[in-house]
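Each chain gets a letter, A, B and so on, in the order the sequences are listed, and its residues count up from 1.
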Amino acid sequence: MSIAITGAGLITPAGLTLAENAARLAAGTMAQPDTSGKGERFARVAEFALEPRLRYPKNLKFMSRAVQLGMMAALDALDASGMRVVGAPTGRIAVHTACGETGMENEEFFGAYALAWQGREADFKYLNARAAKMVDPYFSLRTLTNAGSGLIAMELGLNGPSCHFVHGETCGAMALEGACYDLLDDRCDVALCGAYDNLATAATWIAYDGMGLARPKGELLLSEGAAFLVLERIAEARARGAQVLGEIVGVDVRSGAGAAGCEPADFEVGRRAYRCVTGYLGAATALAELAMGLERADSGQVGVFRSESWCGFTAAITVKAE
Amino acid sequence: MQPFHTVTTARQRVVITGLGLTTALGRGVETCWPKLIAGESGIRPISYFDCSEHATKVSAEARDVPCDPEVPGMPPAQMRRAVRMFSSVVEEAWRQAKVDPATIPAEQVGLSVGSSTNYIDVRLVGPVWEMRHSDKQVDWERVAASGIADAAHFYRRQGDMMGAAAARLLGIRGLMLSTDTACAASAHAIGLAYQAVRRGQARVMIAGGSTALARPLSILAFALLGALSKGTTAEAARPFDKKRDGFVMGEGAGAVVLETLESALERGVPILAEVHGYGCTTSGYTLTDPSPGGRWEARAMEMALSEAGWRPDEVDYVAAHGTSTQKNDATETQSIKAVFGEHARKLLVSSNKGHIGHTISAAGVCNVVFTVKGMWERVAPPTLNLRNPDPECDLDYVPNVGREARIRKALCNAFAFGGQNVSLALRKWE
């Protein structure tokens, strides 16, 4: 038994769709950093319209920037797969997501700080819920790390197995592994899996700057983006006439650099070039590279997409292109 | 890497051979357990900050957190509080399981961690606030020049530090999984570890979670949702009581060592329990409310029972999520009734949130550890502060006093904000 990829969605500073990303990468076009008076610190995704695509647009207020990017990529992946989830057995569709530098950000709390601390000392005793509620009653939900998987499930009406992984750059591979094994163990019939990240924030930049990693002191151009895949057991995908983009051969995440899996990398699609085009996406990187690799690969090529986290973990995803 | 085409339907039996725990009741399973059964509460006035202007007055803070867990190559300053707590519980579980690195290759030992990575370094909050422009955007140049963020800050905020610290401490080189599904995170971590051992991806997995959210920004965020109790005493958390008004934020960490039955027998270590099933769903309803009628919470329990091959009437005990919120406790009761039918009236059901608060990402592993202890000590843990019966919560919750009971088969529940529901099926090893 093996796992088929039948849909992919990708949104990065290099493009709002998988096709746009592929075109920018082929052309070697750099992402455009935000230069609006603050230096070239970030690569940002161009403006996009999510609200018109939502079945429940009122949920937009619960979505952080990273989750919005994830929702765009998830909807694109599902559209590309030709899968119709409405009317399907919702308990048999899994949702596995991942993110890295996402969750609480100081700016989310600035409204609360302003009400609590304006004109007096920055003491936590003033930072009560009453002050925060006058600013934005929804910000605390936007800080839920696993809100993305919940919101995607709500939007699409999904009730199957679900998990959210947070593990630096390797977490996208964990989400993929969870989804694959749910399919292999017959716990679901379809799995939507992906990663989203937004590193273009003050709190993230402060942390990376402190290590001398982020621009302008360092070389990393902090970025944002998301990648999602639709997975099915290959026999069932073929039976419904779906286009199979690729076949996942194996996924592994291990403690210790270099511990994870095999080496052949026939279509690694110029990892460095990819990073130059999209910036540093963190958690979404491995899946984004995978989606790009599929878009550019020749039939039968086998590729390994690796990611390594700052704390010493290594992930590998092996894929065969159709 | 195990290529998927080699995955077979052969499944290993998975047993628990080690436990570790830190809660507001103390450090170590043998410290926490007698206090749990004696009905002691770890809920006290918040000590971390002045809460005089807050509606939330109490929390269940862990009071014995190691300052320096002596993790090789990892300075203590790089480890946030939750990471330090987790390091202590994995050591405890590891000692009990007597895993000998000389006999089990490091590559066959894996880790599965449930964490709450929503983290802001509170030491930076004031300075960052001071270094803002009038439009409330951060003044980048001042921040960069100030040097307030260093390497320790960078690593404290990394989502994989909990796994990294445990891996270095124990010399683990195998499979790594790290979940963050809020209140279900450590239950997910145990469920995923169980699956990995069951299908042969690892011989041994250490799984659990840790949380340290009894801090001002976390309390602010949860208070804003109306989820926290406004009580001012140790009785603020009162699961299934009619007067319950929210949960009390708890701190804690727990870990279990899972391994194949074959491995445990070969090593000759005491086996504590067997994991028989894992159920997992998403409600797809709202971010904070249970699913209507508890349908998808019930489905998670049914999945665990189905995987275990158990009839509902074989189950003796349910370690409830039981947060002490109006909606959770009533809906969990509904879901238990839906799964167990008439047998629900004979079940023992209890929640430890009245003792240790809601330990969020450690809540699932706390349920598992206390359930395994209950199996061996032949005691069903009590639900504290349950004095006012609620017609919507009409099961046997073992109110206030632990009860002698023979627990052979049990379910452990964990349901999350965000909609993820997890249930684990455990059987006493006999």
Side-chain angles (χ1 to χ4, degrees), chain A residues 2-3 38 62 91 95 100 103-104 106 109-110 113 117 122 124-129 132-133 140-141 143-147 150 153-154 157-159 161-168 174 180-181 184 202 206-207 209-211 249-250 252-256 259 261-262 309-313 316, chain B residues 1-5 7 49-50 52-55 111 117-120 125-126 128-129 136 138 140 143-144 149-151 153-154 157-161 164 167 172-182 188 195 216-217 220-221 223-225 280-282 284 287 296 299 416-420:
Chain A
S2 63
I3 304 301
K38 294 170 190 163
F62 301 134
V95 188
M104 284 191 181
N106 264 297
F109 287 88
F110 271 11
Y113 299 162
W117 293 342
F124 287 121
K125 76 176 177 183
Y126 303 122
L127 199 63
N128 54 28
K133 203 162 189 170
S140 53
L141 289 176
T143 69
L144 268 182
T145 312
N146 58 324
M154 288 157 64
L158 311 181
N159 300 109
S162 175
C163 197
H164 180 75
F165 298 85
V166 176
H167 200 253
M174 286 183 188
C180 288
Y181 278 112
L184 291 167
I206 288 168
D209 177 74
M211 289 287 283
V249 177
D252 201 6
V253 184
R254 292 202 165 254
S255 170
C262 31
S309 79
W310 293 105
C311 295
F313 297 97
Chain B
M1 179 186 290
Q2 182 182 23
F4 290 151
H5 68 83
V7 174
F49 63 101
D50 178 352
S52 57
E53 304 254 338
H54 290 241
L111 264 169
T117 47
N118 270 350
Y119 176 77
I120 288 184
V125 170
V128 168
W129 168 246
K136 297 181 192 159
V138 175
W140 304 97
V143 171
D150 54 11
H153 168 70
F154 177 83
R157 57 179 276 128
Q158 293 297 315
D160 47 349
M161 274 299 277
I172 290 171
R173 305 278 292 176
L175 178 67
M176 179 68 219
L177 298 165
S178 180
T179 66
D180 185 345
T181 44
H188 262 126
Q195 288 186 314
L217 295 181
L220 171 71
L224 189 55
L225 295 174
C280 163
T281 64
T282 182
L287 288 180
W296 294 105
R299 180 66 192 135
F417 275 1
Q420 288 87 9

Query raised in the report: Is there a side-chain contact (heavy atoms from CB on, under 4.5 Å) between B:Val125 and A:Tyr113 once you walk through the steps?
Result: CA-CA 9 Å; B:Val125 170; A:Tyr113 299 162; 3.4 Å; yes
Query - A:Val166: which of B:Thr179, B:Asp160, B:Asp180 passes side chain to side chain contact (heavy atoms under 4.5 Å, CB included) - result: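 It is B:Asp180, the one option of B:Thr179, B:Asp160, B:Asp180 that forms the side chain to side chain contact (heavy atoms under 4.5 Å, CB included) with A:Val166.
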**Report entry** Non-neighbouring partners of B:Asp50 that pass salt bridge (Lys or Arg N to Asp or Glu O under 4.0 Å), sequence neighbours left out
**Finding:**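 B:Asp50: salt bridge (Lys or Arg N to Asp or Glu O under 4.0 Å) contacts with A:Lys125.
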Requested in this report: I would like to know whether B:Arg299 and A:Asn159 meet side-chain contact (heavy atoms from CB on, under 4.5 Å); could you show each step before the answer?
Outcome: CA-CA 10 Å; B:Arg299 180 66 192 135; A:Asn159 300 109; over 6 Å; no
Query raised in the report: Step by step, would you call A:Leu141 with B:Leu225 a side-chain contact (heavy atoms from CB on, under 4.5 Å)?
Result: CA-CA 8 Å; A:Leu141 289 176; B:Leu225 295 174; 3.6 Å; yes
Query raised in the report: Which residues satisfy the side-chain contact (heavy atoms from CB on, under 4.5 Å) test with A:Ala122, sequence neighbours excluded?
Result: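 A:Ala122 satisfies side-chain contact (heavy atoms from CB on, under 4.5 Å) with A:Trp117, B:Trp129, B:Glu130 only.
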Examine whether an atom of [X] lies under 4.5 Å from a heavy atom of chain A, and if so say whether it belongs to the side chain, the backbone or both; otherwise answer neither.
| X | value |
| --- | --- |
| B:Ala55 | neither |
| B:Phe417 | both |
| B:His188 | side chain |

Query raised in the report: Looking at B:Ala167, B:Ser52, B:Ala182, B:Gly126, which makes the most heavy-atom pairs under 4.5 Å with chain A?
Result: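 Option with the greatest count: B:Ala182.
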Query - Which of B:Gly174, B:Ala149, B:Ala151 touches chain A most, by non-hydrogen pairs under 4.5 Å - result: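 Most heavy-atom pairs within the cutoff with chain A belong to B:Gly174.
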Query raised in the report: Where does A:Leu184 contact chain B at under 4.5 Å (heavy atoms): side chain, backbone, both or neither?
Result: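 When you check distances to chain B, only side chain atoms of A:Leu184 fall under 4.5 Å.
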Requested in this report: Check each atom of A:Asp209 against the heavy atoms of chain B and say whether the ones under 4.5 Å are side chain, backbone, both or neither.
Outcome: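 It is the side chain, since no backbone atom gets that close.
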Looking at [X] and [Y], what are the two nearest heavy atoms and their distance?
| X | Y | value |
| --- | --- | --- |
| A:Leu144 | B:Gly418 | CD1-N, 4.2 Å |
| B:Ser178 | A:Met174 | N-SD, 3.2 Å |
| A:Arg254 | B:Arg173 | NH1-O, 3.8 Å |
| B:His54 | A:Phe124 | NE2-O, 3.0 Å |

Query - Approximate separation, where rounding is to 0.5 Å, of A:Ser162 OG and B:Gln420 CD - result: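 Atom-to-atom, A:Ser162:OG and B:Gln420:CD are 4.0 Å apart.
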Requested in this report: To the nearest 0.5 Å, tell me how far B:Leu224 CG sits from A:Thr143 OG1.
Outcome: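 Reported to 0.5 Å precision, the distance equals 9.5 Å.
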Looking at chain B, which one of [options] has the largest number of heavy-atom pairs inside 4.5 Å, strictly under?
| options | answer |
| --- | --- |
| A:Val95, A:Leu127, A:Leu158, A:Ile3 | A:Leu127 |
| A:Ala202, A:Ser309, A:Gly210, A:Cys163 | A:Cys163 |
| A:Cys311, A:Ala153, A:Gly150 | A:Cys311 |

Query - B:His153 side chain vs A:Ile206 backbone, donor-acceptor pair below 3.5 Å - result: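 Between the backbone of A:Ile206 and the side chain of B:His153 there is no qualifying donor-acceptor contact (under 3.5 Å).
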